[in-house]
2 protein chains.
Amino acid sequence: MARSFVPACVAASMAMLMVSGSPLALPAQTPATAAASAASATLTLMPVPSSMTLHDGRLGIDSTFRVAIVGHSDPRLERAVQRFITRLARRTDLNLPHTVARTADSAQLVVHAVSAGERVQGVDEDESYTLESTPQSITLHAPTTVGVIHGLETVLQLVDGTATTMFVRSVSINDTPRFRWRGLHLDVSRHFEPVDEVKRTLDGMAAVKLNVFHWHLSDDQGFRVESKLFPKLQELASDGDYYTQAQIRDIVAYARDRGIRVVPEFDMPGHATSWLVAYPYLASQPGKLELRRGWSGYGETFDPTRESTYRFIDRFVGEMTTLFPDAYWHVGGDEVGSKIWPQDPRIAAYMKAHGFKDSPALQTYFNQRLSKILTKHHRNMIGWDEILHPDLPSATVIESWRGTKYLGAAADAGYRGILAAPYYLDAMKYADVGYLADPLALTDSTSLPANEAASVLGGEAAMWSELVSPQTIDSRIWPRTAAIAERFWSPQSVRDVPDMYRRLRVESMRLEALGLQHETHVDRMLRSTMLDPSWQLLTPLFDAVAPVTLGQRIHARRTVQSTPLVQIADIARPDPPLRWTLQEYVSDILTNSAKSAMANDSLRAIFATWQKLPAVVTQVGATSPVIAQGGWRAAQSLAAAGTIGLAALDARDHDKPLPQSWIDEAQKTLTAIDRPQGILHVVAVPAVRELLTGTITPSAGLH
Amino acid sequence: MARSFVPACVAASMAMLMVSGSPLALPAQTPATAAASAASATLTLMPVPSSMTLHDGRLGIDSTFRVAIVGHSDPRLERAVQRFITRLARRTDLNLPHTVARTADSAQLVVHAVSAGERVQGVDEDESYTLESTPQSITLHAPTTVGVIHGLETVLQLVDGTATTMFVRSVSINDTPRFRWRGLHLDVSRHFEPVDEVKRTLDGMAAVKLNVFHWHLSDDQGFRVESKLFPKLQELASDGDYYTQAQIRDIVAYARDRGIRVVPEFDMPGHATSWLVAYPYLASQPGKLELRRGWSGYGETFDPTRESTYRFIDRFVGEMTTLFPDAYWHVGGDEVGSKIWPQDPRIAAYMKAHGFKDSPALQTYFNQRLSKILTKHHRNMIGWDEILHPDLPSATVIESWRGTKYLGAAADAGYRGILAAPYYLDAMKYADVGYLADPLALTDSTSLPANEAASVLGGEAAMWSELVSPQTIDSRIWPRTAAIAERFWSPQSVRDVPDMYRRLRVESMRLEALGLQHETHVDRMLRSTMLDPSWQLLTPLFDAVAPVTLGQRIHARRTVQSTPLVQIADIARPDPPLRWTLQEYVSDILTNSAKSAMANDSLRAIFATWQKLPAVVTQVGATSPVIAQGGWRAAQSLAAAGTIGLAALDARDHDKPLPQSWIDEAQKTLTAIDRPQGILHVVAVPAVRELLTGTITPSAGLH
């Protein structure tokens, strides 16, 4: 094997078919898929239900499969069932009729909801369901339509196949979410995302039972909603990239159909340049402003001292509440410059006259006014950490971008909170990092006290979009967000990382089947970059690298809004599956598991492939600066890692330990490789280091 | 090499990096990409311009690149330039400003149009342009904005790269299309295609300079346009899948921005069930009708004997002309049942009273009435073959689905024509088949006489949608349509198939970069089908199979509208690139070219991979009936082909001819394999047969 040039993506799969280096000897009795062969009690469900029991037996699915809706029904529930039938048909290759029965007699899936649930889905919506699957039928029971919507996703995740038929396993599930607020925050200001991208994001959210789409609709870089009262917002401050009111209504309805609330965020008084470009009289500073094109924060603000500001906001909120029915309105409130207001003589005089000792005090005044306006319009306020102040209404929610301890402070002040800090997708952390970050954890070993924990509504994954385009968004959000969604839904005790990665591999493909494009992302980007079949030779490189963290990338190469996001870090995935596969192989070898020989062969093939990467990058990069300049250091590093890995395997196999001096040098090399290689990060170091030292490091996943 | 398990997709690329089986010895001086290394005079342009001259020299592109618009400008031209800048930025990884100069001085690309062109683009629009690229600048000159739109696509196709920079080659191009009507026909009735799919189809069309989007909007299976005058059309006859009038306007504007006319087709008097479901009084037959769900034709018709029918059509056309500004209106007119009308006593009496001897005579009367209505609304009639009759207005255009000779007949009757017959994409012919089918050719060696040829406006690729879903449409249309587009645009003499395939590989990736999803199609479908990483093991199977022809597929497994199109033939591509690669390898070997040793190694690797496919399908198919049942026969066939291929190579290499009896048996096996294997067709037979016989067959591409 080691002699041939095999992309690592393929090598990983090949291992399944290989026995001790002889690819011809196929172990014919081994089931092909991890999905099917999983003896795991969690099957391939994601998120894992709060309670489930596996039974023997299966319900075969054929073209006689029928759904019945008994008990309550409503158009939303019926549409959910129709979508379910379409997806089940595509999953099973069966022509299933879309007619729905009203009695259980002749149906294989019986859906029984008690009520429609809340007219506008809220934080107290009952989202629970029970599922009883037997060899005769499946019964899905839920107090509300939202519970049914979640349960139908679970049924689809239970579908599996043999060579001749498709089936649903027998299982009893009693499921309810751990947290009531399970969100995805999407910034569409720094880079706009068209309606289609938003809709497929909502599809993905529904698949993993997220229930809040937090939509960051304005910031310094652009205003993204059509206002009929204040049309200059979209005319002067959007570059033409905004949602019409009809599109907003369409998206809100689309989300509601999937059990998802839409919480709009209009950031103020800071991160406000776009408003002020459109309506300069709102600004603290005089003079003409332009949309920000680069990174921003602590910049231009609303003028909190003028009544005209509040009249504007009042009318604006009144208009927008006709589009956004949710009970919550996100005011942003983050990163307001501390020096701006005192430096303006007029505002400084106002502050003095009214006894505001500093900018935060003035911002609190602004928030109180804002809060009154929201109350008038029957909306509760939610905002980032900075808005916390004891005088706000008790229904106010604090979203923390700084950590769980701030939620404790909010709880002490009587407010509920949600956590975003560890779930920033643009930080480019691996899936297991967000997965292991509990919303209630203060440190690795301590949690919020129970009285404070009770105030934590949940959490949000956050996709800020300085470095996200419509072409790359899926690959930045998915599949990592599926792991975070499980953290928000499943019991606190569900934190088996290997099992999570086993299920995430399957869920990731399910999401691609749903229309998301994160799995095909690298190949598509490489085709676009290379315009030549030789792009395939780069697969082993992109299997083993990730984008550097946000800070590292900004440091290496500053971008602005118009920078095309086709750099090598935009091609790379944040958590390439091979990283975890390497960990598994090394674990198999170091524990002398039954799979160690296969793991050894696979690793050797992968390491040998890495050794050739510098030549590949030189050759394939001959027509592409993106590849030649962006990939060179990572290719060199992987070649070095491959050499170290092969030496470590040889030493182990021949029982001839490497000299300590060689090991020391190799360790130094690995440390150097583990640093940013341009805007790429080589994900291979922990596994190779473990092989070298013979020791498994528990937290190898973090970077 | 032959010992390792290497997917054929990878093997093809590997060959580039291999010297006589030693993958470590990289020929570092060989440029990596076919695009860059092409000494060909056609570079990677598609379609090939009518006249071009290559020069030495290159214009480097960096972030100082600017575009100037001099001479005429208009919003359409400016939008085209903005899109060009965005695409160039993405192609080059450069942050290019979108500001456009108005003088040539400081610009690297100078765009000079003379006029906007026709207010509504018509068949006589001047689409020509000239392009002069030097090391200092590029000048694009065109009589109209449409010419500029085409020329900008050419500029993008001229962009290439080195390891450190991107550039445009120096070249002089004088380009004008051979045919004025270069269409893509899209049926959205059998299966609906949402707005996004239509728009990306239009993007693809613009990239290869097609200029007519022929939109088949009604048929027995569904009516797809919102009518405000006759709302039951969408309410009762669309299943909710239709375009709103706002969407139609949006798409028409989107097309016009790309130099594409939109010709609507509302098929009548046959293929008309959807109209009659909505408004039964229009029908020849009494009684309640339902939308057709299966295959159809020669079914329900409009009643041509009632004045109410013509009043309806008159009002409908009047409404629709506000949406569709094109001068042409396609009436369909195909496959009208010959027995329906005479069997109805009332209609039979009418025919007798008015002297219509048979159904075609009555249809002619209908067409004449229809034609008068269209004339009143300032529209010219276009229809399928069957509408041909001497009494129609001279501006009428005949579209032939039966062949070029019918265009001759139309020309003799004084009408112009366009050809669709050889360009039916659902027939699943390879790209070279449509490519070599000249619109003027009567047979392989004879063409229409000049007087008749002058009446041929062009041709249309036709995508009927019985077997097309939004998920599969890109892979059915592309990249084959790019080859057909070249047939319509480039000089008749441009028909070098190897050169076409060389350029098509590049163009196919350019189309994927533009947002089309045909290149990633197979991988996406396999992920969705398998939900397991083992899908990658199936790549060699799908590299070597295509869907059977339309007729063969219907014969094997009848589908209806609701059949999910996730069968194994829907995963397969119509013309997998490996087919042509195999032909090239065999040609290299049989001609003892410089590349014959490399070709030998590559073929051995591919054949060895095929031999393992039955085991792969058994194993990977263990959880998937689609794979296990659908792929088994093709896997067996490819294994047999691989064995024959390896034996033929061995015989050649060792100069030991195979026994004639063995060859005879192998020929029989190949003949059997060349027949449908379920709903798949193995594309490998011609290449293996050539290797076996030592003879290259010129028309090996056809099946």
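Computed over heavy atoms, backbone and side chain alike; hydrogens, waters and symmetry mates excluded. None of the values given here were measured: they were computed from a predicted structure. The sequence lines fix the lettering, A, B, ..., with proteins before strands; numbering per chain opens at 1.
Residues B:Gln517 and A:Arg524 have side chains that never bring a donor and an acceptor to within less than 3.5 angstrom of each other. A donor atom on one side chain and an acceptor atom on the other are found under 3.5 Å apart for A:Asn95 and B:Ser562.
When heavy atoms are compared at a cutoff of 4.5 Å, A:Leu94 approaches chain B solely by way of its backbone atoms N, CA, C and O. Neither the backbone nor the side chain of B:Val195 comes within contact range of chain A, judged by heavy atoms closer than 4.5 Å. Both the backbone and the side chain of A:Asp93 come within less than 4.5 Å of a heavy atom of chain B. Only the side chain of A:Gln471 comes within contact range of chain B, with at least one heavy atom under 4.5 Å from a heavy atom of that chain. Within the 4.5 angstrom heavy-atom criterion, atoms from both the backbone and the side chain of A:Arg510 approach chain B. At a 4.5 Å heavy-atom cutoff, the contact between A:Ser624 and chain B is made by backbone atoms alone. At a 4.5 Å heavy-atom cutoff, the contact between A:Thr165 and chain B is made by backbone atoms alone. If you measure heavy-atom distances from B:Ser63 to chain A, you find no contacts under 4.5 Å at all.
Interface check for chain A: of the options B:Thr164, B:Leu96, B:Thr92, B:Val626, the most heavy-atom pairs under 4.5 Å are formed by B:Thr164. Between chain A and the options B:Leu514, B:Leu565, B:Asp196, the largest number of non-hydrogen pairs under 4.5 Å is found for B:Asp196. Interface remark: of the candidates B:Arg90, B:Met525, B:Met166, B:Arg90 forms the most heavy-atom pairs closer than 4.5 Å to chain A. Of the residues considered (A:Val566, A:Leu511, A:Thr559, A:Thr86), A:Val566 shows the highest number of contacts with chain B, using heavy-atom pairs under 4.5 Å. Among B:Thr520, B:Ile627, B:Val560, B:Asp523, the residue making the largest number of heavy-atom pairs under 4.5 Å with chain A is B:Thr520. The greatest number of non-hydrogen atom pairs below 4.5 Å with chain A, out of B:Arg505, B:Glu519, B:Gln567, is found for B:Glu519.
Looking at residues two or more places apart in sequence or on another chain, you find a side-chain contact (heavy atoms from CB on, under 4.5 Å) between B:Ala163 and A:Ala628. Remark: B:Arg58 pairs with no residue by the salt bridge (Lys or Arg N to Asp or Glu O under 4.0 Å) rule, at least two apart or across chains.
Under the 4.5 Å side-chain criterion, counting only non-hydrogen atoms from C-beta, B:Met509 is not in contact with A:Ser528. By the 4.5 Å heavy-atom criterion applied to side chains, A:Leu531 and B:Arg91 are counted as neighbours. A heavy-atom distance below 4.5 Å is not found between the side chains of A:Thr162 and B:Thr623.
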Set out, in order, the CA-CA distance, both residues' side-chain angles and the distance that settles salt bridge (Lys or Arg N to Asp or Glu O under 4.0 Å) for B:Arg503 and A:Asp532, then state yes or no. CA-CA 10 Å; B:Arg503 290 177 290 113; A:Asp532 189 277; over 6 Å; no
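Closest approach of B:Glu512 and A:Arg527 over heavy atoms only: CG-CD, 4.4 Å. Across all non-hydrogen atoms, the minimal contact from A:Pro564 to B:Ala89 is CG-O, 3.3 Å.
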